[in-house]
Structures are given as structure tokens and as C-alpha cells.
Amino acid sequence: MKIKFLNLGKQPITNSFLKNVDKKTINKEFFYNLSVGFDKKSYLVSLMKHVDPKKQFTDQYAHRASQSRTMRKSFKEIASKLKKRFKPRKCLEIGSNDGVFIKNFKKNQVVAVEPCTNLAKITQAAGYKTYGKFWNEKIALKIKKLHGQFDLIFSANTISHIPNLEEVFKSVSFDLKEKGVFVFEDPYIGSVILNNSYDQFYDEHVHLFSLISISKIISKSNLKVFDVEITKNHGGSIRFYVSRVDSNFKETKRLKLLKFKEIKQGLHKFKTYKKFSSRVSKSKKDLVELLKTLKIKNKKIISYGATYKSATIFNYCDIGTDLIDYVVDTTTNKQGKFTPGKHIPILSPEIGFDNSVDYAFLGAWNFKKEIKDKEKDFLKRGGKFIVHVPKVKII
Ligand code: TYD
């Protein structure tokens, strides 16, 4: 049974950037209550109530993984690492976005599944067989029938978005070869607790995984985690290496070490999450106070990166255009729109990131290094970034 430990209040769908903010559009905007719970039996952290996936993964889906240099590099590296270690001849990707991972493979080697049809069309047009569907038993069985089973099944930032994990893993077991490997990665609850990055909770992140939770849940589908990595992706992610339970893959040293670390961090205890929840309240108080103090001094504050994560922050902390003038973002299909819930305008950096900006809140804090490298002129002329992780501060 799930027990609630965090309430982030009324929240919109993070991907629903508004084209305009007239009364009719605002009245129609969808909100739900974002609260998070811990299951004492499976150790899984999940939203208390999830949003209908058909409302989230539409043909208007905004996030394009290929648009970040950091992500392109990261997917290229993982693709080459997996090729070297497992030598897969046939791969399946669950949640292929705009093809940032599969483009590192030959077209005839890969099958992709992506429910956002605007994205599925991109990889399909590039010559990769792509099913514009949600990952479930039905599509898994269809793919098995048409393409057979796979040496490698890969998924990044997708499995944590799917409410029914038992169905996810059962479907994977249909399509995985006897000696095949399933590799998936998602934001890591251990990093969220450590960094106080409560903005990792939003409608799409139905669950935040730990090794101890996934090891338990996946065993029900006759699968086992045999290796694991903690990566810097998205501010701290966990990458699982999974095989059939009776395969020859042996548990690695780093897997044993991480299990030990998680127990030490208390990821199996409700108390840990309760304490985290108090730190989240403090973070809200500190951020609002800082922004208000700067505003009294007549400083111009903007936000850098119209991230999904920042939608959680702005709505939870009640930060609107009174404190943040606008958001800049390089993603063309976010520009000219308004952030969900708080309706802050989004501009291109070319227009918005000019000499009038004093402070930029790092909505895309997970790209801190890339952004700081790129914005040397801003820093040189005395501009400052604000972050909220692990603590609210000016950097
Ligand atoms: P992302 O990391 O996907 O976070 P989330 O999953 O919370 O949305 O989003 C990063 C956003 O930041 C994306 O919209 C692109 C934007 N961005 C910039 O505008 N400039 C940059 O230099 C970088 C790295 C990202």
C-alpha cells in the first residue's frame, strides 16, 4: 500500500504549453493534484494518482531529445557501449522520441515504439520502422509476430512514465531473446533525495526508481537486474541491465554496492521520504524569498529552460510573471508559447537573453555545465544564475 509523503499541490500537465492565454484557453486548462507516496512492500515511489497517458503523450508532444548537445553525446556513448558489450544484431527501443538513440544503429537493425505520433513520424521518415503506439502487451505481441525477438531492448526516460509496471516488464519478456538484455534508464530517486530535486516529480514521472524497488518488481516477470549504473543524465539517473532470471549474467560488484548504499541512504524507509518532504517545504520558502528580495531591488529575473521540471517548481511555489519576466528556451516549438499553469511567456534566447537580464533561474539545472559554458558573456558582464538544487542559491 502506498503512503503519501509529499504534496506539491494543484499542477498542470507539464507538456501542455499554451498557445495563448485568453480566458477561454485558461478556463479549459487541466489541473490535477500532484502528491507522491511510498510503497512499504515494493519500496517504489510513485504518484498517488496518475494522469491519463492519452492526455500527456499526444501528437503535440514538445520535448525533442536531439536538441541538446549533452543528450546527443550521452546517447551516442551509451549506444557504442552497448554495441561493444553485448554485440546486438537486433534492437528494439521503447519510447524512441525523435531518434536520438536509434540513429546510432543501422536502419535494418532497429524497431522503435513511440506513442507521440509527431515524434514517431520523424524516425519513420528517416527510415526506422516505428510504431506510433503505447508500450503494452498488445504491441509487444504484434512486434514479436512481425519481427521476432530482440538481442537488446533499450528504453530511456520512458518506463518510469508508464503506470502499470508489471505489464511493462511482462511485455518486455515477450520480446526479449533467451540471452537478450533489456537496458533502461530513468531519473533516480536516490539523486532526488540527495539533491532535493523535488521538481523530478511531475505528471510524466509516475514512478521514481531505486535498485531495491525494481529488483523486487521485475522478478515477477522472471527477469533479474544483473548490473546497474548511476549516471549524470537528467540530474541523476539509474541505468538497469536486465536479463531473464535463468540467464548466465552474474550480479556485478557495483550492483551489490549500490544495494548496500541504498539501504544506507534509507531508500527502504518511509522516514527518509518524510524528512525529504520537510526539506522541500524549506526549498520553496527560500526560493520565493530570494526572488522577492531581488525583485524589491528592481532586478530583472528570467528563467533559463522551459523544462517540465520548472513547471512543478513554478506551480508549487506560486511563481508567475510577478517574479519571473519570461523564460528563454532554444526549442522552437516552445517559443512564443506560455508555461503551463503559471502562463509565463517563452522566448528564444536570441530575443530574451539580452543585456537587460540580471538573474536567470536555471530551470534546466541538469544542463548547468553546458549552459554556463555557453553563456560566458552573461557571467562576464555580471549576470548571475540562480539554482534551487541542492539548496537555493545564486551561483
Ligand atoms: P529537459 O532537460 O528535457 O528537462 P525536462 O525533462 O524537465 O523538460 O529540458 C531542457 C530544456 O532546456 C529544453 O527545453 C531545452 C532547454 N535548453 C535551452 O534552452 N538551452 C540550453 O542551452 C539547454 C542545454 C537546454
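Both ligands and their constituent atoms are indexed starting at 1 by order of listing.
- The single protein non-hydrogen atom nearest to atom 8 (O) of ligand 1 is Y308 N, 2.8 Å, given as residue, atom name and distance.
- Below 4.0 Å from some heavy atom of G305 lie the following atoms of ligand 1, by number and element: 12 (O).
- Ranking the protein heavy atoms by distance from atom 3 (O) of ligand 1 puts H63 CE1, 2.9 Å first.
- The cationic group of K284 lies under 6.0 Å from the six-membered ring centre of Y316 and within 45° of the ring axis, placing it in a cation-pi geometry.
- At the top of the distance list for atom 18 (C) of ligand 1, counting protein heavy atoms only, stands T330 OG1, 3.3 Å.
- For atom 22 (O) of ligand 1, the closest non-hydrogen atom of the protein is K374 NZ, 2.4 Å.
- Distance from atom 4 (O) of ligand 1 to its nearest protein heavy atom, with residue and atom name: K309 NZ, 3.1 Å.
- Rounded to the nearest 0.5 Å, atoms NZ (K170) and CG (D175) are 13.0 Å apart.
- The proximity of M71 to ligand 1, defined as any non-hydrogen pair under 4.0 Å, does not occur for either the backbone or the side chain.
- Contact atoms of ligand 1 toward T331: 13 (C), 14 (O), 15 (C) (distance under 4.0 Å to a heavy atom of the residue).
- In this structure, atom 25 (C) of ligand 1 lies nearest to the protein heavy atom F367 CD1, 4.1 Å.
- Residues meeting the side-chain hydrogen bond (donor to acceptor under 3.5 Å, both in side chains) test with S303, sequence neighbours left out: none.
- A cation-pi geometry, defined here as NZ or CZ lying under 6.0 Å from the six-membered ring centre and within 45° of its normal, does not hold between K309 and F201.
- Proximity of N366 to ligand 1, defined as any heavy-atom pair under 4.0 Å, is confined to the side chain (atoms from C-beta onward).
- Summary of contacts: the protein heavy atom closest to atom 13 (C) of ligand 1 is D329 OD2, 3.5 Å.
- Of all the heavy atoms of I371, the ones lying under 4.0 Å from any atom of ligand 1 belong exclusively to the side chain.
- Side chains of N15 and Y61: no donor on one and acceptor on the other come within 3.5 Å.
- Both cation-pi conditions hold for K10 and F31: the charged atom is under 6.0 angstrom from the six-membered ring centre and inside a 45 degree cone around its axis.
- Relative to the ring axis of F182, R244 does not place its NZ or CZ within 45° and under 6.0 Å from the centre.
- For ligand 1, the atoms closer than 4.0 angstrom to any heavy atom of Y202 are 6 (O).
- Scanning all protein heavy atoms for the shortest distance to atom 9 (O) of ligand 1 gives T307 CG2, 3.6 Å.
- Shown in contact with K334 at under 4.0 Å from a heavy atom are these atoms of ligand 1, numbered in order with element: 13 (C), 14 (O).
- Each of the following atoms of ligand 1 lies closer than 4.0 Å to a heavy atom of A364: 12 (O).
- Judged purely by distance below 3.5 Å, without hydrogens or angles, the side chains of D354 and S356 pair a donor atom with an acceptor atom.
- Side-chain contact annotation: S278 with S281, donor-acceptor N/O pair under 3.5 Å absent.
- Screening residues 146-155 for salt bridge (Lys or Arg N to Asp or Glu O under 4.0 Å), with sequence neighbours left out, gives D151-K177.
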